Amino acid sequence: MRITMDLELKDIPGQLVKALEPISDAGGNIVSVVHHHEERTSRGTIALQVVFDMEDGLGPLKEQLESRDIKVTRFNEVRLLEHKSVVLVGHIIHSDIRDTIEQIDSTGYAEVVDLAMSMPAISLKSSARIGINATGKIEMKKAVKLLRNIANKKDLLLIEPIETEEIR
Amino acid sequence: MKTLNVAVIGFGSVGRGVLKVLAEHKGIYGDVEFKVVAICDSKGAVMDKKGLDVENVLKQKSNGDLKRVNKTSIEVINECDYDILVEVTPTDATTGEPGLTYITEALKRGKNVVTSNKGPVALKYKALCDLAKKNNALFLFEATVGGAMPMFNLMRMPLAGNKVTNIMGIFNGTCNYILTRMANEELPYDMVLSEAKELGIAEADPTYDVEGIDTALKVVILANAVFGMDVSLKDVDRVGISSISLESLKLASEAGMVIKLIGEVKPNGEERVLKVSPRLVPKNHPLAVQGTLNAAMIQTKLAGDIFVIGKGAGSVETASAILSDMLYIASIK
């Protein structure tokens, strides 16, 4: 999985190596390093953004960095791991929610990671929020398309999210 | 001073708004003067070659003692001497009439046309534009999408030079009112709809709004006018808001989102999008506007995402859009 980590370094020599060493030692493959040495944070430190691929061991790595007096301000492992929530309205249970989930899960590239349901009364339509994770943007598109087809067949209303860009 | 004669067809809410705005300004905007020479509705016309006393006409109309001459709209359009036809008759989504005939006849005479009528623009955009071009007239319709929100004017001038890649937004205030109120007050759809009817926000027959037909017309207009797509109402994938449950809004809210009726147009080939449907919108996203507000996100190549938020309906608000078209005509004619 790909990890993006924001670090803060002290403005003294040798810090960059000190920060990157533990990452490669932990088996991380560094993809990109952005060293903002021209601008200082309000704490007088220098921001560093590192992107790397690593399978596991993120927790110990974070501790290792912090023991070296390097502040980890933010990290995420979801750059490539897409997440989306959708809402379904209709006879969700009667149209076999288990089958709906299994169809997504069996794709191999997407899975249902969260399900919240609300059933006001037995004869009324129920509503569900489904969280889906996928391995990438294209896979997410495919998963949503699959869900669209399922919803169509089962006469459910699928409420999809709008495409949003992160606004900084 | 440049003087342009104006004929107004349609004396409903929008027509009154336009006339009210013009009367307040005595028709004068900088070095441009708009002289209203005719006003028509289904009962007849009031006309004066030298320019009507608009304020007085409005007063007589509200008192119910307006004296009309026995002329039909079409006679006025074909005989009267005017520079701009302001066509503000009600929308008919299936035939576009009577607006379509009015606009066609005016353009045939080489007269500029400004309209708030969605029907003709959604149904016959290309034909009307070709006709306008052939007769060296302008055909403008800012008021058809998003009421007071500048859309076409914004893209024509301030965003000129940008390639617009995608437009999505909230183009129906009635639906947005219903969804906002359901979410904020935790009230079911039927109750909020009745309330909206009482407040005059929804029509007695709300189908046109809540089933997304109005939004779809606007999507068609955007598709044709901005992207040159030549599509019609039947090409739009359309789902309205009538099956949105209170529970679905709550579930969305728990995940930091609201549900909005979103119209979306994206022109590119196989991935073409022409859609009206309820969508999840993050609560902190600029499109998550409240109440009867409309909002649009215009995605562009250079400027990135541009957001416009404003009143999507209302007599004077719609008049604002019509006036901007009239002034554009004045600036280049």
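In the text below, chain A, chain B and the rest are named by the order of the sequence lines, each starting its count at 1. This one's a predicted model, so the numbers in the text were calculated from it and none came from an experiment.
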Visitor: Measure distances from B/Glu254 to the heavy atoms of chain A and classify the residue's part below 4.5 Å as side chain, backbone, both or neither.
Guide: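 Backbone plus side chain of B/Glu254, per the 4.5 Å heavy-atom cut-off to chain A.
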Visitor: Taking the side chain as everything from C-beta on, heavy atoms only, tell me whether B/Phe171 gets closer than 4.5 Å to B/Leu261.
Guide: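 No, side chains not in contact.
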Visitor: Heavy-atom distance under 4.5 Å to chain B: side chain of A/Lys141, backbone, both or neither?
Guide: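 Looking at A/Lys141, just its side chain touches chain B.
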Visitor: By the definition side-chain contact (heavy atoms from CB on, under 4.5 Å), identify the one residue from B/Leu287, B/Thr180, B/Leu280, B/Ile241 that meets it with B/Lys260.
Guide: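 By the side-chain contact (heavy atoms from CB on, under 4.5 Å) criterion, B/Lys260 pairs with just one of B/Leu287, B/Thr180, B/Leu280, B/Ile241: B/Thr180.
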Visitor: Please look at B/Ser277 and chain A and tell me whether the side chain, the backbone, both or neither of the residue comes under 4.5 angstrom of a heavy atom of that chain.
Guide: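 B/Ser277 has no heavy atom closer than 4.5 Å to chain A.
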Visitor: Which one of A/His35, A/Lys10, A/Arg68, A/Glu8 satisfies the side-chain contact (heavy atoms from CB on, under 4.5 Å) criterion with A/Gln15?
Guide: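 Looking at A/His35, A/Lys10, A/Arg68, A/Glu8, the match for A/Gln15 under the side-chain contact (heavy atoms from CB on, under 4.5 Å) is A/Lys10.
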Visitor: Are B/Lys275 and B/Glu264 ion-paired here, with the side-chain N under 4.0 Å from a carboxylate O?
Guide: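 B/Glu264 and B/Lys275: not salt-bridged.
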Visitor: Let me know if A/Leu157 has heavy atoms under 4.5 Å from chain B in its side chain, its backbone, both or neither.
Guide: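 Side chain only.
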Visitor: Heavy-atom distances under 4.5 Å only: say whether A/Val87 touches chain B with side chain, backbone, both or neither.
Guide: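 When you check distances to chain B, atoms from both the backbone and side chain of A/Val87 fall under 4.5 Å.
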Visitor: Let me know if B/Lys266 has heavy atoms under 4.5 Å from chain A in its side chain, its backbone, both or neither.
Guide: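 Contact with chain A: none, neither part.
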Visitor: One thing to verify: whether A/Arg148 and A/Glu160 come together as a salt bridge, which I'm taking to mean a side-chain N less than 4.0 angstrom from a carboxylate O.
Guide: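 The answer is yes: the pair qualifies as a salt bridge.
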